[in-house]
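These notes concern the structure reproduced below.
Chain letters run A, B, ... following the sequence lines, proteins first and then strands; every chain starts at 1.
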Amino acid sequence: MKVWEIRELLRICSKNSILKGGIRLHGVLVKMGLKSDVVTNNDLIDMYGKCGKTEVANQVFERMPEKNVVSWTVLISGYLYGGNPRKALKVFDRMCSSDVRPNEFTLSTVLKACCFVGVVENGVQIHGLCTKSGYESYPVVSNTLLHMYSRSGLIKEARKILDVMPVKSLISWNAMIGGYVTAGREREALFLFREMQKVLNVVADEFTYASILKACSCVGAFREGLQVHASVMTSGYVSSSGNEILTGALIDLYVKTRNLAEAKKVFDGCSLRNEIMWTTLIIGYSQEGLVMESMDLFSRLWRSGISIDGFVLSTVIGVFADFSMIEQGKQLHSYTHKVPSGDDVSVGNSIIDMYIKCGLTDEAEQKFREMPRRNVVSWTVMINGHGKHGNGHSAINLFEEMQKPKEDKSGGLQPDEVTNLAILSACSHSGLVEECWKYFTAMQHDNQTKLTVEHYACMVDLLGRAGKLKEARSFISNMPITPNAGTWQTLLSACRIHGDVDLGREVGDILLNIDGDNPVNYVMLSNIHAEGGGFEECARLRKMMKRKRLKKQGGCSWIEVEKRAEVFYGGDKWHPLTEKIHEVLKEVERRMKEENGYSCEVRFAMHDVDGESKEDVLRMHSEKLAVGLGLLVCGREGEVIRVYKNLRICGDCHEFMKGVSVVVKRVLVIRDANRFHRFENGNCSCGDYW
DNA sequence: CTAGGGTTAG
């Protein structure tokens, strides 16, 4: 073999990480006695580096009597690709004090290493070096600089580089567009994409499309997404052979823009499916409330033999959590013990959340305590869980515990926005007024902490619960950020609870102005009027809704029976046991009237159903139907009946459940859109305040 | 020796 042939083969081994072949070629070279050839040694260093054998690469390097730029550069890139960017920078430091000067390739490699070990700490300094040495304007260097800044969120710096580039290649555009997307500035990414399309000689490639599809999906740009989809198809990057990443991005686009049919079409048309595509589509089904379809997809994935990784597991457990399918969830929980990905933090977190959402706080606590690793999300799930169950003090204990520095794996964690929201909401729901203000003021004074509209809404809720409606109103006026619809909805719901029709009218006007297409606002406002006797205003609102073709979201409730979710909509009659359910409910109601004088609270009815008496409408509420089924099939003494409702439980049903718990001597747990209600001996854990 | 892409839990 000639030396050039060996070098050729070495490069192939390097590119494809074929260590065995590389070692054999090394052996051949040694036998030929060519130790001193710089170029060949450089190839050896590169090969060992790319095959993950950085120590051997370093040995070859050290034994070289003379080193050139390439020797240093391949050693540095070896450390970088071997996952040791710090070491790569150290070698670069050594190089700087040697007599060999870095070139554009060295600088590009070192800049890339900076992406992993801190751009501000190291990258900026190397950038200065590029400027001084005159390499800054080299395409390799400027593109890497652009990439480094854009991916670390230093968008301004990145943009500066792009704007002064004399020649912008596709790589430059892609780096900037991708940077905007990772920074969550999707609109700017889309804008830049349009700019790029105006430039001649630059044509989008698969990388551009991947970023742009993600941008469309994040902002829900459905129309633009369709256009990009068409371009992707004509570009030929997604053909019968398929591009997994683009196909995955397309499915995600249609899932996020809530076009399940199209998502399914892309999925079905793809011959090579990976677990990401499955995961994405499962999310699509579950977010549309299609439990069975979502589960069906999961069992198809299971049978397909594709590996079930942590992403899939946490997603599917999340589906069980959303639908509170505890039996299914437990089954998957025990499965996680058998697979390595079961130890993923996100999988553990999804399990805790599942138990929380199913109302099993003890099981959640146990899983939380035995997890090998925890992160902020783990703590937040627990804090939220306690909050929703009205255990404000437990939430506070956890919140304090997580921040305490500790020797072992847990604790010493900084709460983030979501955690802060959880603790405020927990305090508010439990009526811990002082504590809530204490935390809120602390957050206001800490300039590390970001407060969003939702944090402020928690305080509005706190004031509203206490009946301090005027204070809540002026609190909103004095907020440093613009209140959104949710903020006003919080106040409006407080107005309803306290029967303040006047303030309700004022808030309602504001709401209809800024969020006039949301049926929830009309329903809430019309209920306030109805309860205050203002039936004309109520009728006026109903007409407005009709004219705008707005329909109130259907309330639905479900209960898990034999591992299936039995779903009821208000007034449903499809269930085979409908008659028996009604019989049971009537019987219970009769006994309630006799024993504790319960009477139907008609003030909570939505006054929009013709032809049926208000009392009938109430009896048909979906949560009652689900509880009725529970009474029929969950016969065991002492068994807790667990029901879930997509909206908030209404006042009448709330009273009804209290009565049921007395008459049948059972515990009922109802999770609604807002929190948990545990009915026991005629009381509710929410203290009748929700 | 040179740069870039899609999925998860609160």
Starting at atom CG of A:Asn274, determine the distance to atom P of B:dG6, rounded to an integer number of angstrom. 13 Å

Kindly say whether, by distance alone, the side chain of A:Ser346 makes a donor-acceptor pair under 3.5 Å with the base of B:dT8? yes

Once you apply a heavy-atom cut-off of 4.0 Å, does A:Ile283 come out as touching a base, just sugar-phosphate, or nothing? sugar-phosphate

Nucleotide N/O to protein N/O under 3.5 Å, stretch nucleotides 1-3 of chain B:
from: B:dA3; atom 1: OP1; to: A:Tyr81; atom 2: OH; distance (Å): 3.1

Touch class at under 4.0 angstrom, heavy-atom based, for A:Asn174 against every strand present: base

Scan A:Asn375 against the nucleic acid and name what it touches under 4.0 Å (heavy atoms): base, sugar-phosphate only, or nothing. base

With a non-hydrogen cut-off below 4.0 angstrom, is A:Glu244 in contact with a base, only sugar-phosphate, or nothing? base

Students often get this wrong, so: under 4.0 angstrom with heavy atoms, is A:Val181 touching a base, only sugar-phosphate, or nothing? nothing

Quiz question: going by heavy-atom distance under 3.5 Å, is there a donor-acceptor pair between the base of B:dG10 and the side chain of A:Thr419? yes

When rounded to whole Å, the CG to C1' distance for the pair A:Asp416 and B:dA9 reads 13 Å

Contact class for A:Asn42 (heavy atom, under 4.0 Å): base, sugar-phosphate, or nothing? nothing

Report the residues that fulfil salt bridge (charged side-chain N to carboxylate O under 4.0 Å, His left out) with A:Glu206, sequence neighbours left out, ordered by chain and then residue number. none

In whole angstroms, how far is the P atom of B:dG6 from the CZ atom of A:Phe207? 10 Å

What nucleotide among B:dG4, B:dG10, B:dA9 has an atom nearest to a side-chain atom of A:Lys357? B:dG10

Output the single nucleotide from B:dT8, B:dG5, B:dG10 whose closest atom is nearest the side chain of A:Asp353. B:dG10

Does the Lys NZ or Arg CZ of A:Lys87 fall within the cation-pi geometry relative to A:Tyr79 - under 6.0 Å from the ring centre and within 45° of the axis? yes

Output the rounded distance in Å from CG (A:Leu213) to C1' (B:dG6). 9 Å

Without decimals, in angstroms, what is the distance between A:Phe368 CZ and B:dG10 P? 16 Å

Are A:Asn143 and A:Ser172 close enough that a side-chain donor and a side-chain acceptor fall under 3.5 Å? yes

Considering only distance and modelled atom types, tabulate donor-acceptor pairs under 3.5 Å from the side chains of residues 382-391 of chain A, sequence neighbours left out.
from: A:His386; atom 1: NE2; to: A:Glu365; atom 2: OE1; distance (Å): 3.4
from: A:Lys388; atom 1: NZ; to: A:Asn674; atom 2: O; distance (Å): 3.3
from: A:His389; atom 1: ND1; to: A:Gly385; atom 2: O; distance (Å): 3.0

Nearest-angstrom distance from the residue atom CG of A:Asp252 to P of B:dT7: 5 Å

Below the 4.0 Å mark, does B:dG5 have OP1 or OP2 next to a side-chain nitrogen or oxygen of A:Arg151? yes

Taking the six-membered ring for Trp, are A:Tyr335 and A:Trp302 closer than 6.0 Å centroid to centroid? yes

To the nearest angstrom, the CE-P distance between A:Met371 and B:dA9 comes to 15 Å

A:Leu398 CG to B:dG10 C1', in whole Å, measures 14 Å

Aromatic ring proximity, centroids under 6.0 angstrom, A:Trp72 and A:Phe61: yes

Ranking B:dG4, B:dG10, B:dG6 by distance to the side chain of A:Thr380, first place goes to B:dG10

Between A:Glu401 and A:Arg369, does at least one N-O distance fall below 4.0 Å, as a salt bridge requires? yes

Have A:Asp205 and A:Thr208 got a donor and an acceptor in their side chains that come within less than 3.5 Å? yes

Classify A:Val381 by what it touches in the nucleic acid, base, sugar-phosphate, or nothing, heavy-atom distance under 4.0 Å. sugar-phosphate

